[in-house]
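Take a look at the structure set out below.
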There are 2 protein chains.
Amino acid sequence: MRTVEWDAGTVKMIDQRLLPTEYKVVTFRDVEGVATSIREMVVRGAPAIGATAAFGLALAAHTSAAADVHALRRDLEAAAAQLRVTRPTAVNLFWAIDRMLDRAFNDDLDTVEAIRHTLQVEAQEIADEDVRVNRRMGDIGQEVIRDGDHILTHCNAGALATVDYGTVLGVVRAAVEHGKSVHVWVDETRPRLQGARLTAWELMRDHIPCTLIADNAAGHLMRTGKVDIVLYGADRVAANGDVANKVGSYKLAVVARENGIPCFCVSPTSTIDMSLAHGDDIPIEERDPEEVTVIRGQRIAPEGVPVANIAFDVTPHRYLSGIITERGIASPPVGLSLRRIMGAGPA
Amino acid sequence: MRTVEWDAGTVKMIDQRLLPTEYKVVTFRDVEGVATSIREMVVRGAPAIGATAAFGLALAAHTSAAADVHALRRDLEAAAAQLRVTRPTAVNLFWAIDRMLDRAFNDDLDTVEAIRHTLQVEAQEIADEDVRVNRRMGDIGQEVIRDGDHILTHCNAGALATVDYGTVLGVVRAAVEHGKSVHVWVDETRPRLQGARLTAWELMRDHIPCTLIADNAAGHLMRTGKVDIVLYGADRVAANGDVANKVGSYKLAVVARENGIPCFCVSPTSTIDMSLAHGDDIPIEERDPEEVTVIRGQRIAPEGVPVANIAFDVTPHRYLSGIITERGIASPPVGLSLRRIMGAGPA
């Protein structure tokens, strides 16, 4: 199944916290449940979070007791407010909510049923569009991969981070579909271990050769010539091309440049936030210290130790070889390329 | 107690695999047990490994059934061979074994008892010397720490990595003893989590302010001005100043330099291997994949996933602000400074 789906008045998703040891699909019947699923990372990955929030609003419309469009719109605004506070960094959350509210507030819709129907169709379109966009990004992005390449990736920017196919793993899958032989170094990606748990699982299911490493080993591999290209996703891209992504990405980009290894971000345009001038404006989420001190129920640090659990970091655009989008590759100067791609014209 | 001690014909050590949840002292009565303790990381840290190997040889002499010095020396050579194959990277292991064998083969020793006694005294001297050296390194090294500094460290180069006091944490302790107020960012240090388990534990016991982070977060902290200095230890330093240390150190050094943050290695001269011209000659240990895929009994990756568990990496000397030794700080050009410190004169 897809990472997240609408199913007869419910939202179903794969519980990504349990993978790879357990594959379980969970069902949500109200927007509170969907909001919790985002906050607690049942679902994660910027595009997947966007689609989930869209389905959450469709569900809010579906379950609302509102008797008229004004009351329904108030319910939707309350649902949107609940969803907005779940996670601060991934911009797809806000992008999808805004797009859904924009539809809901369309003056042409004058019945509760019309709004409900429109939101369900729109959420489905956001999900379907994500898959089409990933396929297109894969086709475009696979051109940077050469036959025989060893690709290093961080976190999970795969089918599970999106509705299907993936951003980074979409590029990898497209390269394989184009007949290229590749091998992927998988950063385990502490603290939540999305690389070890999700990326390795996806690649093994697709029989794409991969090797799991502790994040700390990536530098050694790059310095000793074992990595040909670094690819990672994005949770939010600023207008100048600075990229917020899973914490640890920044170190990879710096060490890649130091070793003459190309480093690309793979990001749909839905993750690009032209309203922020540069990456230091992107809010960086800090999460529960127990994500660092407890691993699968096992305590690995002294009781009471202070912890900073920073979930994302910012890679300044100068370290990137480019940003692969579904509208082409934004090459350096990335900010200028992004303005062209996003149709904003020169500043 | 000290990390490792001789006690009435046995070798006692703190079982570092169990910290911080359990503090347990284990006793070994033969050299096989001591070799296993090194291989399985009951004891770890280059200087601690050196002292443990020395005590292991003292124990081999103590337990040998040899009736004459020739037979005893054969037993000692066999014991040394067992110890040499436990871990390849930390040079203190080989340094201590060579120093002990050198004593055992001294022509002045003409009885089994004389050799036994000499080796016990020599092992104790290696251990005591390590503590004195750490104190001296601390006094010298604390000069690079300013009042109010935020120090980032990797792995455990503390009392537990040595016989007592520590190399990096010796410098930190000396800075505190000199009245400086400091705060330590502790890299958790995957895969074996020596930072989370051991460094955090040591610092908390000494009431030195610290904050635990996932290794991935170090880049963000450096880029956003939260780190004043990076300090890490060494498992082996080559003649040109290249440093092999716990995997992940290299990335830190590159990102520190990129952000104008000083990065020092703290290493006693017993860890400096003047026989190797540069770091790429240092053997890099690869360890059991389960160190990556299983954490405290909990599986965190798919069954059957290929793993590269690289235990160390090499920081080329050009990234280091200097190497702090008990004979002074080897400043850039580090290779030249090391030749002076090691008394080898210009090449």
Side-chain angles (χ1 to χ4, degrees), chain A residues 19-21 154 185-191 193 196-197 200-201 203-204 209-224 246-252 254-255 258 280 284 289 291-293 295-310 312-314 316, chain B residues 19-21 154 185-191 193 196-197 200-201 203-204 209-224 246-252 254-255 258 280 284 289 291-293 295-310 312-314 316:
Chain A
L19 286 171
T21 38
H154 192 65
W185 295 108
V186 179
D187 260 10
E188 63 172 1
T189 317
R190 279 282 289 153
L193 298 163
R197 297 191 301 106
W201 183 77
L203 291 169
M204 288 175 80
C210 66
T211 305
L212 177 64
I213 57 169
D215 304 303
N216 283 325
H220 176 80
L221 294 173
M222 288 198 258
R223 199 184 69 77
T224 55
K246 181 54 53 199
V247 73
S249 301
Y250 163 66
K251 276 204 284 189
L252 287 181
V254 171
V255 176
E258 190 71 11
D280 288 333
I284 299 297
E291 291 186 350
V292 176
T293 56
I295 301 176
R296 297 222 154 183
Q298 301 297 305
R299 185 150 193 105
I300 54 106
E303 292 286 347
V305 67
V307 174
N309 182 13
I310 301 149
F312 301 94
D313 63 23
V314 172
Chain B
L19 286 172
T21 39
H154 192 65
W185 294 108
V186 178
D187 261 9
E188 63 173 1
T189 318
R190 279 284 287 151
L193 297 164
R197 297 191 303 103
W201 182 78
L203 290 169
M204 289 174 80
C210 66
T211 305
L212 177 64
I213 56 169
D215 304 304
N216 282 324
H220 176 80
L221 294 174
M222 286 197 260
R223 201 184 67 77
T224 55
K246 181 55 52 199
V247 72
S249 302
Y250 163 66
K251 277 205 283 188
L252 286 182
V254 172
V255 176
E258 191 71 10
D280 288 333
I284 299 295
E291 292 188 348
V292 175
T293 57
I295 302 175
R296 297 221 152 185
Q298 302 296 305
R299 186 152 191 103
I300 54 105
E303 292 286 346
V305 66
V307 174
N309 182 14
I310 301 148
F312 301 93
D313 63 23
V314 172

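To find a chain, count down the sequence lines: A is the first, B the second, and so on, and within it residues start at 1.
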Between [options], the one whose heavy-atom pairs under 4.5 Å with chain B are most numerous:
options	answer
A:N309, A:D280, A:D313, A:V247	A:V247
A:S249, A:A301, A:G297	A:A301
A:A308, A:A214, A:P209	A:A308
A:V305, A:I213, A:L252	A:V305
A:H154, A:Q298, A:R299, A:E303	A:Q298
A:G248, A:A218, A:P191	A:G248

Region of [X] that comes under 4.5 Å of a non-hydrogen atom in chain A:
X	answer
B:P20	side chain
B:V186	neither
B:T293	side chain
B:I284	side chain

- prompt: Under a 4.0 Å N-O cut-off, is there an ion pair linking B:D187 with A:R190?
  reply: no
Within-4.5 Å side-chain heavy-atom neighbours: [X] and [Y]:
X	Y	result
A:N216	B:K246	no
B:I310	A:L221	yes
A:V314	B:H220	no

A:E291 portion near chain B, given a 4.5 angstrom heavy-atom threshold: neither
query: Does any heavy atom of chain B fall under 4.5 Å from the side chain of A:L203, the backbone, both, or neither of them?
result: neither
- prompt: Rounded to the nearest 0.5 Å, how far apart are CD of B:E188 and CG of A:D215?
  reply: 8.5 Å
statement: The reported gap from OH in A:Y250 to CZ in B:R223 (rounded to nearest 0.5 angstrom) is 6.5 Å
Partners meeting side chain to side chain contact (heavy atoms under 4.5 Å, CB included) with B:T21 (sequence neighbours left out): B:R296
- prompt: Mind checking what makes side chain to side chain contact (heavy atoms under 4.5 Å, CB included) contact with B:P289, not counting sequence neighbours?
  reply: B:V307
Least distance between heavy atoms, B:M204 atom then A:P302 atom: SD-CB, 3.7 Å
Polar side-chain atom of B:K251 near backbone of A:A217 as donor-acceptor pair, under 3.5 Å: no
